[in-house]
Amino acid sequence: MSPELIAILAVGVGLAGLIWQSMRRMEARLEARIDGVKGDLDEAKRELGARIDGLAEEMRGVRDRLGRLEGKMDFVYDYIMRRNDPAPAAE
């Protein structure tokens, strides 16, 4: 083999090694960033779940209060319409 061919092959092998190492480092950095994003998403999902649970609890309270209010409003409506008056005495 001629010295030129050996030099060309050595440069090719050197470049392949350099590209391979650079790709490994880039992959490691990307994996670290992806793991960080996944962690942030998991935390955001937990916070959102807690907020939704809190809203559901508040909605249950509002539903209960609205039911009581509807019952009271039925009484007021009946009172206004004089449905609560005693029946006239039979003669």
Side-chain angles (χ1 to χ4, degrees):
M1 285 208 292
S2 70
E4 291 87 12
L5 182 60
I6 293 173
I8 291 171
L9 291 175
V11 168
V13 169
L15 284 175
L18 181 66
I19 291 170
W20 181 62
Q21 285 293 347
S22 135
M23 293 300 286
R24 281 186 42 203
R25 282 188 301 225
M26 186 185 310
E27 182 181 0
R29 287 189 308 216
L30 284 173
E31 284 179 5
R33 291 185 80 178
I34 288 171
D35 290 343
V37 168
K38 283 181 181 178
D40 292 345
L41 286 175
D42 289 341
E43 181 180 338
K45 284 181 358 185
R46 281 191 297 275
E47 288 177 12
L48 183 59
R51 291 179 76 181
I52 288 173
D53 291 343
L55 285 173
E57 185 64 33
E58 287 183 33
M59 290 299 294
R60 279 191 285 275
V62 168
R63 185 183 61 220
D64 293 342
R65 291 192 306 267
L66 182 60
R68 287 193 302 266
L69 183 61
E70 285 175 343
K72 291 176 182 179
M73 291 304 294
D74 287 341
F75 173 78
V76 169
Y77 177 79
D78 290 343
Y79 181 78
I80 290 172
M81 298 303 291
R82 305 220 181 265
R83 292 184 183 165
N84 289 343
D85 286 345
E91 294 181 29

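For the numbers below, each heavy atom of this structure counts, side chains included, while hydrogens, waters and symmetry mates do not.
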Only one of Met23, Glu31, Arg29, Arg25 passes side-chain contact (heavy atoms from CB on, under 4.5 Å) with Glu27; say which it is. Glu31
Applying side-chain contact (heavy atoms from CB on, under 4.5 Å) between Lys38 and each of Asp40, Ile34, Leu41, report the one that passes. Ile34
Drop me the distance from [X]'s [atom1] to [Y]'s [atom2], to the nearest 0.5 angstrom.
| X | Y | atom1 | atom2 | value |
| --- | --- | --- | --- | --- |
| Leu69 | Asp64 | CG | CG | 12.5 Å |
| Ile19 | Met26 | CD1 | CE | 10.5 Å |
| Glu47 | Ile52 | CD | CD1 | 12.0 Å |

Applying side chain to side chain contact (heavy atoms under 4.5 Å, CB included), run through Met73 and Glu70 and close with a yes or a no. CA-CA 5 Å; Met73 291 304 294; Glu70 285 175 343; 5.6 Å; no
Ile6-Leu9 co-clustered via ILVMFWY side chain contacts under 4.5 Å: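 Same cluster: Ile6 reaches Leu9 through Ile, Leu, Val, Met, Phe, Trp or Tyr contacts under 4.5 Å.
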Once side-chain contact (heavy atoms from CB on, under 4.5 Å) is applied, do any residues pair with Arg63, and if so which ones, sequence neighbours excluded?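 Partners of Arg63 by the side-chain contact (heavy atoms from CB on, under 4.5 Å) criterion, ordered by chain and then number, come out as Arg60.
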